[in-house]
Number of protein chains: 2
Amino acid sequence: MHSFTEENYLKTIYYLANRRQGEVSTNALAEMTATKAASVTDMLRKLAEKQLIHYKKYQGVRLTDEGERLALQIIRRHRLWEVFLVQKLGFGWDEVHEIAEELEHIRSEELVTRLDTYLGYPQFDPHGDPIPTPAGQMPETGYRKLSEVEAGEGVCLMAVLEHSTEFLKHLDHSQLTLGCQVTVNEINTFDKSVLVQIESGRSVFISHEVARNLLVKN
Amino acid sequence: MHSFTEENYLKTIYYLANRRQGEVSTNALAEMTATKAASVTDMLRKLAEKQLIHYKKYQGVRLTDEGERLALQIIRRHRLWEVFLVQKLGFGWDEVHEIAEELEHIRSEELVTRLDTYLGYPQFDPHGDPIPTPAGQMPETGYRKLSEVEAGEGVCLMAVLEHSTEFLKHLDHSQLTLGCQVTVNEINTFDKSVLVQIESGRSVFISHEVARNLLVKN
DNA sequence: ATAAAAATTTAGACGACCCTAAATTTTTAG
DNA sequence: CTAAAAATTTAGGGTCGTCTAAATTTTTAT
Ligand SMILES: [Mn+2]
Ligand SMILES: [Mn+2]
Ligand SMILES: [Mn+2]
Ligand SMILES: [Mn+2]
């Protein structure tokens with residue numbers, strides 16, 4: 001069996017490996033897990049021992065197949081619980097991350113299977129992130145950032161990159177909802193902010209900072 | 001904050017204190033928590049330090065008001081999650097205890113409140129145990145054991161004392177369901193077994209061992 | 001190319017929770 | 001009322017995950 005802590009490290013390694021391609025550094029992990037580099041090194045030794053990561057001293061770290069399988073399993077649980085919290089219990093999408101951080105560690109295959117069925121086999125969590133399959137595949141999305149869309153294009157808001165309460169509340173406030181159709185009317189060259197028109201016809205001003213954290217598809 | 005382990009000790013102390021009246025012994029706790037007496041002593045010192053129990057060396061242990069409040073909170077969560085697992089996810093009543101043992105430690109007041117609402121404010125868990133109120137009161141039930149019912153009496157099956165999978169499966173197999181009306185037709189004097197008639201008209205033989213673990217009301 | 005800076009690992013330690021073996025206190029029985 | 005038995009605590013130690021400080025390796029900049 002694996003401890004909560006081990007599971008969290010695996011999830012974090014997966015996350016960082018998919019942000020910047022290639023090996024994950026000790027310092028990046030320390031920052032992400034809010035621990036010190038020395039503690040990370042200890043844990044990396046243990047995970048390598050258990051064959052969950054490839055680890056060469058000073059060279060960064062990469063998940064093994066088994067490590068990735070486990071990481072995807074935790075991510076699947078996390079996202080399914082988030083769907084439950086929002087759709088069944090009525091939490092806001094800005095309130096569920098911390099709770100799902102705990103629920104994802106509950107040890108029961110059967111529980112996850114039944115939860116998935118109960119929720120109607122959702123494909124995406126409340127933040128638009130794809131839910132890994134029971135077999136452990138992360139679905140491809142092919143989204144791009146709103147900040148990379150050309151003026152005149154019409155796209156659909158699919159997911160958020162940033163998950164902080166402040167960011168999500170800001171989107172709610174701007175009436176930017178996932179699934180929402182938006183047309184890019186104007187791109188300001190000096191600050192890269194964009195003016196988009198949403199379904200209701202209303203125009204919404206979006207800073208580059210926000211546009212960089214919104215994922216869209218055509 | 002309190003650790004999972006501390007919460008489990010509090011819950012166990014509550015349980016044992018309400019079975020045999022009075023102080024709870026170190027050995028009883030060791031048996032119940034599947035640890036050794038020496039480990040229990042360590043933890044008792046810590047819980048006393050935190051003012052969650054009254055503890056005098058060699059004299060057994062008793063919950064403080066704050067300790068009891070916490071214990072009832074954990075029990076409330078445990079039982080609400082069991083209701084969820086059975087009523088919403090379709091688990092059998094014999095499958096939910098272990099999972100609820102983990103879910104009960106998820107730290108979020110809001111989660112419990114919303115879960116309670118979602119479940120329709122249930123009064124009892126799938127085993128007939130009363131769910132403590134949000135304010136931290138354990139409802140009185142006034143149940144008696146089926147083994148103490150006189151011949152000729154008609155009673156309603158309300159709860160089980162034993163929670164093991166084997167026992168619960170045995171009840172399923174005998175078509176003994178909570179809420180089920182039963183009439184005691186015969187009490188065998190030599191082995192205290194009883195013959196009851198259930199709603200369907202069928203007669204069911206119940207050993208003393210089973211009857212001692214069934215709670216009923218009139 | 002090399003010295004300074006940055007990243008990483010090692011050394012040594014601590015708190016939480018658990019263990020076994022030994023000492024101590026309480027209970028029980030003769 | 002005492003001696004044996006039972007219950008409990010203490011002593012000493014282990015693992016897990018964390019930390020700070022020091023040593024080592026890699027990267028960066030002159
Ligand atoms: Mn999340
Ligand atoms: Mn999410
Ligand atoms: Mn239970
Ligand atoms: Mn129960």
Let me know which of B:His105, B:His97, B:His127 forms a ring pair (Phe, Tyr, Trp, His ring centres under 6.0 Å) with B:His78.
->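 Of B:His105, B:His97, B:His127, ring pair (Phe, Tyr, Trp, His ring centres under 6.0 Å) with B:His78 is met by B:His97 alone.
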Under 4.0 angstrom, heavy atoms only, what part of the nucleic acid is [X] near: base, sugar-phosphate, or nothing?
| X | answer |
| --- | --- |
| A:Ser39 | base |
| A:Thr35 | sugar-phosphate |
| B:Phe4 | nothing |
| A:Thr41 | base |

From the options C:dT10, D:dT10, C:dC18, select the nucleotide whose nearest atom is closest to the side chain of B:Lys57.
->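 When the side chain of B:Lys57 is considered, D:dT10 is the closest of C:dT10, D:dT10, C:dC18.
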Any idea which of C:dT9, D:dA11, D:dT20 is nearest the A:Lys36 side chain?
->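 Per side-chain heavy atoms of A:Lys36, the pick is D:dT20.
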Between [X] and [N], does any side-chain N or O lie under 4.0 Å from OP1 or OP2?
| X | N | value |
| --- | --- | --- |
| A:Ser3 | D:dC16 | no |
| A:Tyr9 | D:dT18 | yes |
| B:Arg45 | D:dT9 | no |
| B:Tyr55 | D:dT9 | yes |
| A:Asn27 | C:dT8 | yes |

So which one's nearest nucleotide on DNA chain D is more toward 5', A:Gln59 or A:Met43?
->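 Upstream on the strand: A:Met43.
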B:Lys88 to B:Tyr118, cation-pi by 6.0 Å centre distance and 45° axis angle |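 The answer is yes, since B:Lys88 meets both limits relative to B:Tyr118.
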Check step by step if side chain to side chain donor-acceptor pair (under 3.5 Å) holds for A:Thr64 and A:Glu66.
-> CA-CA 5 Å; A:Thr64 61; A:Glu66 174 66 1; over 6 Å; no
More than 12 foreign heavy atoms under 6.0 Å from CD of A:Glu153: is that the case here?
->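 For A:Glu153, atom CD is crowded (more than 12 foreign heavy atoms under 6.0 Å).
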Side-chain donor/acceptor of B:Asp42 to base of C:dC18, under 3.5 Å |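 Yes.
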